[in-house]
Amino acid sequence: MTTRPAADSRILLAVAEGEILAVRVDAAGVEVQRHELRPADLADWVRRVEAEERPRWIIRSARTVYAPLLAAGVHLTRTHDLLLCHAILRDTDAVARPLAPSADWMPREPDVGEPGLFAAVDSPHAESVDDLLAQTQEQFRVIAADRRGRLALLCAAESAGGLIAEEMRAAGLPWDAEVHDGILTEVLGARPAGGGLPAKMAAAADAVRFHLGDPHLHLDSHVKLLRALHRVGVNVESTSQWELSAISHPVIAPLLAYKKLSRLMSANGWAWLAEWVRDGRFRPVYIPGGVVTGRWASAGGGALQLPRMLRPAVRADPGWTLVVADVAQLEPRMLAAMSSDTAMAQAARGQDLYAGVVSSGAVATREEAKYAVLGAMYGATTGDSGRLVPRLRRVYPRAMHLVDAAARTGEDGGVVSTWLGRSSPRPGPDWDAEQAAASGADAEPAAVKRARARARERGRFTRNFVVQGTAAEWALIWLAEIRHRLRMLPVAETPATASGPFAHHAHLAFFLHDEVILHVPAEHADAAAEAVREAAAVATARMFGSFPIDVPLDLRVVQSAEK
DNA sequence: CTCAACAGCGCG
DNA sequence: AAAGCGCGCTGTTGAG
């Protein structure tokens, strides 16, 4: 293959057993030139071409193609991830003729491996080069059909997300097992040598059993616990903490304490530590686009549910530092921008949107503002939150119209889309039948009630979809721009971290919807922090042009991620 | 025994 | 002060 400089080159990598083809394609995805490679030569060849011309690599999926390249020390700047983009372009409502669905392009279960661990991710899979080319051409056609260029931006960002997910897994989140162990010992009590419960947990359990008058009660059984509570006059319908916490009875305090400790022990206790933290790193499996709204999901280790209590265990290596950044109230800010609601954008000026809502006179207190805004985006109809929503409708009519319209579309069985064109799933096959059965004059009251409940449920989903999904898009561009800027930093003098592709270089280490943690050589801390700020500004501008919406960051440069 | 549903709770 | 959205994981329960 030639080494001519190409400002905008695209190369498809078709990786199959024993044979690899690199196919240069044009802007329509049509083959221009093909080059055969031996597997042993792949990494060096890609490294060289990447350095010479930075093409957009067209790959089946980052999972199958990039992970092994990364392990060989090869960094890709730009890709088009056919698997991730298939899901977007197949469902999008932004063009008249979206991508034809194909089972070959669905994420698939692995043939073997740990059960459940890698659900919904792509397995190693060979597709013929002709299939890959045909799929590329179809995807490029759909992207080009979107004259606003939003699908192009979304696919580029989604593909970058695929790369970042693999890189974060390869790098891992720096995790201090001793700090984690210390927290467990402090909160739960000393770890018993021969199994059994830690001291403080055992004490809480004994106190509960004493107050319930049953020395052998099994506290992890909801059914038995509920019966025991009823016996002593605690008449709750469930054993959930919000219901229990409203009751005044001596058993409540130790029971809530036990539940809290028990949760920590089973979800993130010593067993979790032994299974998920190796060589000072927590390596979860991220699944970009794993949620229908475009948010990431994860598999294994509960990466997106790490309790705040354990945050201090996230510690930078010696000579390194963490840059921790999150966005305050990302979703309502996205709503203000999407709807061009200048009054809501005005309320969003500065760090605290809820304070701005109070200033606008819509509600009296910050707490009311919070419940009203969340209720507006989630579709609350009852309770204090539902009561406050109409006040927002008067002050922010454009923003409220956008979410109300999304809800109505969903209730009618329609499809809604995010700002960049990710569309909600169609209703299931039984939707039409259920709604039709409820519309006839002779419909049974129970069927009518059920159908209306289902319709409202779907309306709440589509109402939230447009906001949550657009926030996910902003976050994706933010991530991609952070990655791009970190890559520009020089190799550090700072001592290397343990190993891996980022042993000498600042990298993303964690991502959670609207929050990032970077692991950075100390000498680059300020530059990395600035990169995070710049990336946020760029994400906002890419999405909304010149519309004046603030997306402020809470950003800290720290040794440990505790707040 | 395995499997799926559920309850409950962690995160945004 | 609420019970409105999206997830993953653990442990229990009940069905086969």
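Each chain gets a letter, A, B and so on, in the order the sequences are listed, and its residues count up from 1.
With B:dC9, B:dC11, B:dA7 as the choices, the nucleotide that has an atom nearest any side-chain atom of A:P307 turns out to be B:dC11. The side chain of A:E367 lies closest to C:dA1 when the candidates are B:dA7, C:dA1, B:dG12. You'll find that the side chain of A:T382 is closest to C:dA3, out of C:dT13, C:dA3, B:dG12. Picking from C:dG6, C:dG8, C:dG11 the nucleotide with the shortest atom distance to the side chain of A:D220 gives C:dG11. Between C:dT12, C:dT13, B:dG12, one nucleotide has an atom nearer to the side chain of A:V223 than all others, and that is C:dT13. When distances run from any side-chain atom of A:R460 to the nucleotides C:dC5, C:dT12, B:dG12, the shortest one goes to C:dC5.
For a distance-only test at 3.5 Å, the side chain of A:R295 fails to qualify as a donor-acceptor partner of the base of C:dC7. Applying the 3.5 Å distance criterion, the base of C:dG6 shares no donor-acceptor pair with the side chain of A:Q468.
Interatomic distance, CZ of A:R63 versus CG of A:L163, reported as 12.0 Å (0.5 Å rounding).
Within a 6.0 Å radius of CZ in A:R349, other residues, nucleotides and ligands contribute 12 heavy atoms or fewer.
Among the protein residues, A:W296 comes within range of no part of the nucleic acid, since none of its heavy atoms lies under 4.0 Å from any strand. Among the heavy atoms of the strands lying under 4.0 Å from A:E368 is at least one base atom, whether or not backbone atoms are also near.
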Which nucleotides of DNA chain C pair, in dot-bracket form (Watson-Crick or G-U under 3.5 Å, | meaning another strand): ....||||||||||||
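A cation-pi arrangement, defined by a distance under 6.0 Å to the six-membered ring centre and an angle within 45 degrees of its axis, is absent between A:R454 and A:W431.
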